[in-house]
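Read the structure below first, then the notes.
Read the numbers this way: they start at 1 and go in the same order the structure lists the ligands and their atoms.
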Amino acid sequence: MTTSAPSPSVSFADLGLSQPTLNALQNVQFEKPSPIQAAFIPLAMSGVDCIGQAHTGTGKTAAFVLPLLERLDFDNRAVQALVLAPTRELSEQIATECKRLSYSSMCRSVCIVGGRPIRSQINELEKGVQVAIGTPGRVIDLIERGCLRLDQLQVVILDEADRMLDIGFRPDIEKILRRCPTERQTMLLSATLPEPVERLANRYMKSPQKVDCSTNGIAVKTVEQYYLTVDEDRKMETLAKLLLDQRPQQVLVFLRTKRGADRLHARFARKLPDVAILHGDLPQTHRDKVMKAFRAGEVRMLIATDVVGRGIDISGISHIINYDVPEYCDDYVHRVGRTGRLSSDEKGYAFTFVTRDQGEQLTNIELRIDTMLPEYRIPAYESARPKEKRAEWTGGFSNSPNM
Ligand code: AMP
C-alpha cells in the first residue's frame with residue numbers, strides 16, 4: 001500500500017511523539033514536520049515494516065530517527081537499532097542527527113565505518129550502545145569479531161537503499177539481514193525504488209507499507225534546473241564561463257569518473273584557491289578535511305563523483321553542476337537533491353552539461369523527473385559549435401552524365 005503525504009499543517013505533537021522527543025525538536029528548532037516526516041513517522045511508530053521514498057534534503061533522516069528513538073529502552077545497553085548507509089559521510093551525518101535528536105533522551109549510539117580506528121568503535125560497543133550506525137563492510141567485520149551483537153535488535157534501517165544495491169553492497173546487506181532476528185521492524189529509505197530494491201524489500205520485509213514523497217519533495221521543488229548543450233572539448237571552458245556568469249555561493253560539480261574529477265581539479269585548483277576534490281580513492285583523512293572545509297564555507301567549489309557526493313547535507317550549496325550527464329537518470333535526482341535543501345531558504349540551481357549525442361539521456365532524465373528542462377545559454381558565449389552542415393557531395397556518381 002502506498003500512502004501519500006498528509007497535509008503540511010500537521011504538527012510534531014500530532015504525530016504521537018513523546019514529550020522528550022518534542023523537547024529535542026524544539027531544541028534543534030524544527031518547527032513543523034516535512035512531508036516525509038508527517039507521512040512516515042506515524043507509520044513507522046505503528047511498528048509495521050515500511051518504505052519511505054524521499055530524497056536526502058527533505059528531512060528523511062529525522063523521519064526514521066525519531067520513530068527509532070521512540071522505541072528504545074534506554075535502561076538496556078544492548079544494540080536495539082541498526083542503521084545501514086552506503087557511505088561513511090552519510091553514516092556520520094546520521095549519527096550526528098541521531099545525537100541531536102536524542103538530546104534529552106540520553107540515547108547511546110556508535111558510528112561504525114571503515115577508515116576510522118576500529119579499536120574505539122569496539123570500545124564504544126563494549127561500553128554499551130542502543131543504536132549502531134554504519135557502512136556494511138565494517139558492520140560485518142564487527143559482527144564477525146563478536147563485538148556487534150544483534151540478538152536484541154528490534155529495528156533495522158536501510159538508508160539510500162537503492163544506492164546500496166547499486167554499488168555492489170547487496171551480498172553484504174543480505175548477510176547482515178540474515179544475522180538479524182526475524183522478529184524485528186525493517187525500514188527502508190530510498191530516493192527511487194527500482195526493481196532490485198523492491199525485490200529485496202519483499203524478501204526481507206513483512207508486507208511493507210509505502211510512503212512516496214519523492215515527487216513532491218521540497219528538494220526538487222526549490223531547484224531551478226537547466227541543461228546546456230556543450231561540446232565535449234569545451235566542457236572545461238564552459239564550466240569556467242558558467243561560474244563567472246552565476247557566481248555561486250557554493251558549488252558542487254559532479255563527474256562520472258575519478259580520473260575525470262582529478263583532471264578537472266588539477267586545472268581549476270591552479271587558478272582558484274578554494275577548490276577541492278572528493279572521490280572514493282582519496283584517504284579518509286583527506287575526505288574528512290574536505291567535508292569540514294566545505295561545510296565551513298572555506299571550500300567554494302567541490303568536485304566529486306556520485307558515490308561520495310550523494311547524501312551530503314550542506315545547506316550552503318547554491319549550485320549543482322553535472323559536468324557529465326549522470327550514468328543513470330536516478331543519479332540525477334540524487335545529485336540535484338544536494339541543493340535547495342530543507343534547511344536553506346535560498347533557491348538552488350542545477351545545470352547539466354549535455355553533448356549533442358546525449359539527447360536520449362536528457363530525455364530519460366526529463367521523463368524521470370516529469371519536467372522538461374529548459375536550455376540555458378551563457379550570455380555572449382557558445383558552449384557548442386553550430387551543427388555542422390552535412391558535407392555536400394561534389395564528386396562521383398550523381399554528377400555523372402551516365403546516371
Ligand atoms: P536530511 O534530508 O535528513 O538530510 O535533512 C536535511 C536537513 O534538514 C538537515 O540539516 C536536517 O537537520 C534539517 N531538517 C530535517 N527536518 C527538519 C524540519 N522538520 N525542520 C527544519 N529542518 C529540518
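Electrostatic pairing of Arg170 and Glu174 counts as a salt bridge here, judged by a charged N lying under 4.0 Å from a carboxylate O. Checked for salt-bridge contact, Asp49 and Lys210 miss the test: no charged N lies under 4.0 Å from a carboxylate O. For the pair Arg116 and Glu92, the salt-bridge criterion is met [side-chain N within less than 4.0 Å of a carboxylate O].
No side-chain donor-acceptor contact under 3.5 Å links Asp274 to the backbone of Glu298.
Atom CZ of Arg149 is surrounded by 12 or fewer heavy atoms from other residues, nucleotides or ligands within 6.0 Å. Applying the 6.0 Å contact sphere to CE of Met236 captures more than 12 heavy atoms from other residues, nucleotides or ligands.
Counting the atoms of ligand 1 from 1 in the order shown, those under 4.0 Å from a heavy atom of Glu97 are 11 (C), 12 (O). The distance from ligand 1 to the heavy atoms of Phe12 drops below 4.0 Å at these ligand atoms: 19 (N). Close approach of ligand 1 to Thr61 (heavy-atom distance below 4.0 Å) involves ligand atoms 1 (P), 3 (O), 4 (O). With ligand atoms numbered from 1 in the order given, ligand 1 contributes 1 (P), 2 (O), 3 (O), 5 (O), 15 (C), 16 (N) to contacts under 4.0 Å with heavy atoms of Gly59.
Residue Gln29 has no N or O atom closer than 3.5 Å to an N or O atom of ligand 1. Of the polar atoms of Glu31, none of the N or O atoms is found under 3.5 Å from an N or O of ligand 1, judged by distance alone.
Distances shorter than 4.0 angstrom occur between a heavy atom of Arg100 and an atom of ligand 1.
Ring pair Phe254/Tyr323: centre-to-centre distance not below 6.0 Å.
Residue-level proximity to ligand 1 for Gln93 is absent, since no heavy atom of it falls below 4.0 angstrom. If you look at Thr58 next to ligand 1, the close heavy atoms, those under 4.0 Å, all belong to the backbone.
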